[in-house]
S.K.: 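Quick one: this structure, given as C-alpha cells, is what I'll be asking you about.
Chain A is the first sequence line, chain B the second, and so forth, proteins listed ahead of strands; every chain is numbered from 1.
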2 protein chains.
Amino acid sequence: MSETSREKPRAGGGDMRRGLELLWGGHGPGRRGPKQRHSTEEVVLTAIAFADAEGVAALSMRRVADALGVSPMSLYTYVPSRDELVGLMLDRVLGETAAPPPETAGWREALTFIARERWRLAERHPWILDLMGRRPPLGPNLVGNHEVAMRALDGTPLDDLTKDYALDTMQNYLIGAMKEARDAREAERESGLTDEQWFKLAEPALMDLLDPARFPRVLRLGEAFRAAGWGAADPEYKFEFGLSLVLDGIEALIRRAEAAAG
Amino acid sequence: MSETSREKPRAGGGDMRRGLELLWGGHGPGRRGPKQRHSTEEVVLTAIAFADAEGVAALSMRRVADALGVSPMSLYTYVPSRDELVGLMLDRVLGETAAPPPETAGWREALTFIARERWRLAERHPWILDLMGRRPPLGPNLVGNHEVAMRALDGTPLDDLTKDYALDTMQNYLIGAMKEARDAREAERESGLTDEQWFKLAEPALMDLLDPARFPRVLRLGEAFRAAGWGAADPEYKFEFGLSLVLDGIEALIRRAEAAAG
DNA sequence: CGAAACTCCGTACCTTGTAAAGTGTTTTGT
DNA sequence: ACAAAACACTTTACAAGGTACGGAGTTTCG
C-alpha cells in the first residue's frame, strides 16, 4: 500500500454546468424512469462518513456503493464521477462553518474567530485539506464563507481587491498549519508514536550524521526543543503563533492604508 | 482517470534506519552478489525526470523501470518502496536551493531571497508541493535549507525557538501560494483556459445563482477583478503580496522583541 | 569448493475508476 | 391503451498501480 499522492488534488473539474447545478441543488423534477433508491445527498453523506473515518484516499466508489447497498456503477446516476462527488462533499462540509463572527467584533477578533472555526472544521474533516486547490467547486458554502470573511474586514479602509489578497494570504497560511497538525495526528495514530517520541527515536541516528560545523543552528534548535519540553512543538500552539503573525501583517497593511487615506 | 488525491502525501515513512542511510549516502561497499547495473542515484534521477514531466501521480515503478531497461521488481533492490524513492527524490531536489542569500543582506532581504528561491524551485519541480508534510525525509538538503534560513535571522533578537516558528509560518504561507500558482498553471495547460478565461466562462452561470442580497461582497469582488484586468489574479503578484505581508508580521515580532530587550 | 549474499525476473494478487452494453421500470406522447 | 423514450441499475471488462513470493543466475567470503 503506497503512502504517496498518486493523483493531483483537484475538485470541480468536469462539465461546469452539470457541476454547478449539482452544487446549487437545481435538479428539476419530472424524470421519467424509475425512482432513485437513494438521493445524491445520501451518497454525499455516506462518502463524507468514509472520508472522515479513513481519508479521501480510502474513499472508493465501490465502498460507497457497498455501504448503500447498490452496485458500484449505479452511483454514476447520482454523480457524474468520483471527482464531482468529492466536490460535493467539500462544499457540503464547508456549510458547517456557517456561523459568522459576532457583529460587535473588530476585524482582528473576527478573523481570529474565522480562523479558529476553520481549524476546528479541519479537525472534524481532515481530508478537506487535500482538496483546497485552485478552481474549487464554486458551491454556495464556499462562496458564503468568503462573503463572511470579506465582511469581517468591512470596517477597514482596504479596497475589495486588497481584502481578497489579505484573506488569501491568511488562508494559505491556515492550510499549511492545519495540514501540519493533521499530519502529526495521523502519523501519531498510525505509528503509535508522538512527534516527540519519534524525534527522540530519530535523534541518535541524526546526531551521528549532523556535522556541527555545517549545521550549528539546527543543532542548537534541537537542544532548544528538548529544553522547552512537549508544548513547544504543539501544532495548536504553533497555529496560534502563526495566525497572530499573519494578523500583524494585515494590521500593518491597514495602518498603511489609513496613513495613505490621511 | 480520477483527478483527486487517492493517497496521503507523505515522505519518509518506513524503516528510518535504512531511510536515513539512503538519504545520507552511507551504504558501505563490500556487497557480495553481482554488481548493480545502475545506481540508486540513477534511479532517483530518472524518477525525478518523470515527476517533472508529469507529476508524482504519473510516476510509477513500472515506468521508471522501463526507462532504465530493467524489470519493475528489480527497482526494489535500489529502493525499498515507492515512498522511500519519493523521499529521496525530494531531498535530492532540495539540494538545488543550496545558494545562500548574500551575506550583506538584512534579514528581510535574506528571507525574500530565500522565498523566491523556493518559488523558483517549485516552478522547476512542481510535484514537491505534494510532499511537504510532517515528518519529511530528514536528508542533508532539507536540514541544510533550514540552517540557511535560520542564519538569515542571525541579526535579530529572536530566540531560536521563535525563529523556527516564524520560518515555519512563512513556509506554510509559501506552500499555499506556490500550490495556488502551480494549480493555476496546470489547470491552464490541461484545459487550455487561463484562469481569466475560465472565470469568464463560469461567470454567467454563477450570476444566475448568486443572490445579491446574500453575497454582495463577493459580487463586488467579481466586478473589482473585472475592472482590474488580468494582472490582478496573477499568482506571482499575489505571491509577492502575501510574502511581504508575512514579512511585516515577522517585523512586528522583531520590534516587539527589541522593545522587550530594551 | 561450498554456501551465503546478492541482483534480477516472471508471475500473481488485489484494488482502483469507469466504459460498454444489457435488463427492467416508469413516464410521456399519441 | 400502447409504443417509445428516458431513466435506474447491473454485470462484465479493461488498464493501471504497488509489491509479495519464489526462482534463476552471479559474485564473493570462509
Side-chain angles (χ1 to χ4, degrees), chain A residues 1-11 13-15 18 27-40 42-43 47 50-51 54-89, chain B residues 1-11 13-15 18 27-40 42-43 47 50-51 54-89:
Chain A
M1 201 78 69
S2 162
E3 298 278 357
T4 337
S5 172
R6 309 209 32 64
E7 300 287 340
K8 320 212 180 85
R10 178 102 32 83
D15 205 341
R18 174 83 196 275
H27 53 315
R31 336 269 205 88
R32 202 171 285 200
K35 299 272 175 262
Q36 291 181 311
R37 299 198 197 140
H38 308 277
S39 64
T40 300
E42 207 177 337
V43 171
F50 262 104
E54 314 181 39
V56 254
L59 181 130
S60 80
M61 301 299 269
R62 281 172 231 262
R63 295 181 67 179
V64 174
D66 262 16
L68 286 169
V70 293
S71 86
M73 285 312 287
S74 88
L75 284 190
Y76 288 88
T77 65
Y78 298 88
V79 146
S81 73
R82 182 181 185 276
D83 283 354
E84 213 83 41
L85 170 59
V86 169
L88 290 172
M89 292 165 60
Chain B
M1 203 74 71
S2 162
E3 297 280 358
T4 336
S5 170
R6 309 209 32 65
E7 299 288 338
K8 320 215 178 83
R10 178 103 32 83
D15 205 341
R18 174 83 196 272
H27 53 315
R31 333 270 205 88
R32 201 169 285 198
K35 298 273 174 262
Q36 290 182 311
R37 299 197 195 141
H38 308 277
S39 64
T40 300
E42 207 176 337
V43 171
F50 263 104
E54 314 182 38
V56 254
L59 181 129
S60 81
M61 301 300 270
R62 282 172 230 258
R63 294 182 67 180
V64 174
D66 262 17
L68 286 169
V70 294
S71 85
M73 286 313 289
S74 88
L75 283 191
Y76 288 89
T77 64
Y78 298 88
V79 146
S81 73
R82 182 181 185 276
D83 282 355
E84 214 83 40
L85 170 58
V86 168
L88 290 173
M89 291 164 63

S.K.: Return the value, rounded to whole Å, for the distance between atom CD of A:Gln36 and atom C1' of C:dG24.
M.R.: 16 Å
S.K.: Tell me the interatomic distance from B:Leu59, atom CG, to D:dG18, atom C1', rounded to whole angstroms.
M.R.: 12 Å
S.K.: Give me each pair satisfying salt bridge (charged side-chain N to carboxylate O under 4.0 Å, His left out) with a member in residues 65-77 of chain B, each pair once, sequence neighbours excluded.
M.R.: none
S.K.: Please pick, from C:dC9, D:dA13, D:dA8, the nucleotide with the shortest atom-to-atom distance to any side-chain atom of A:Pro34.
M.R.: D:dA8
S.K.: Listed by chain and number, what are the side-chain hydrogen bond (donor to acceptor under 3.5 Å, both in side chains) partners of B:Arg37, not counting sequence neighbours?
M.R.: none
S.K.: Take atom CZ of B:Phe50 and atom P of D:dA16, then tell me their distance rounded to the nearest Å.
M.R.: 13 Å
S.K.: I'd like to check A:Arg62 versus A:Leu75 (side-chain heavy atoms, cut-off strictly below 4.5 Å). Are they in contact?
M.R.: no
S.K.: To the nearest Å, how far apart are B:Leu85 CG and D:dG17 C1'?
M.R.: 15 Å
S.K.: Would you say A:Lys35 reaches D:dC7's phosphate, i.e. side-chain N/O to OP1/OP2 under 4.0 Å?
M.R.: no
S.K.: I'd like to check the side-chain contact (heavy atoms from CB on, under 4.5 Å) partners of B:Ala51; sequence neighbours left out, ordered by chain and number.
M.R.: B:Leu59, B:Met89, B:Trp127
S.K.: Atom CG of A:Asp83 to atom P of C:dT16: distance rounded to whole Å?
M.R.: 16 Å
S.K.: A:Arg62 has an atom CZ; how far is it from atom P of D:dT11, in whole Å?
M.R.: 13 Å
S.K.: Can you tell me how far CD of A:Glu42 sits from OH of A:Tyr78, rounded to the nearest 0.5 angstrom?
M.R.: 7.5 Å
S.K.: Could you give the CE-to-P distance, from A:Met61 to C:dT15, as a whole number of Å?
M.R.: 18 Å
S.K.: Expressed in angstrom and rounded to an integer, what is the separation of B:Glu54 atom CD from D:dA16 atom P?
M.R.: 13 Å
S.K.: Give the nucleotide from the list C:dC8, C:dG17, D:dT10 with an atom nearest to the side chain of B:Tyr78.
M.R.: C:dC8
S.K.: Quick check: does any side chain N or O of B:His38 sit under 3.5 Å from a backbone N or O of B:Leu68, one acting as donor and the other as acceptor?
M.R.: yes
S.K.: Output all residues satisfying side-chain contact (heavy atoms from CB on, under 4.5 Å) with A:Arg63, sequence neighbours left out; order by chain, then residue number.
M.R.: A:Phe50, A:Glu54, A:Ala58, A:Ser60
S.K.: On the nucleotide D:dT10, are OP1 or OP2 found under 4.0 Å from the side-chain N or O atoms that A:Arg37 carries?
M.R.: yes
S.K.: What residues in residues 63-75 of chain B put a non-hydrogen atom under 4.0 Å from any atom of DNA chain C?
M.R.: B:Val70, B:Ser71, B:Met73, B:Ser74
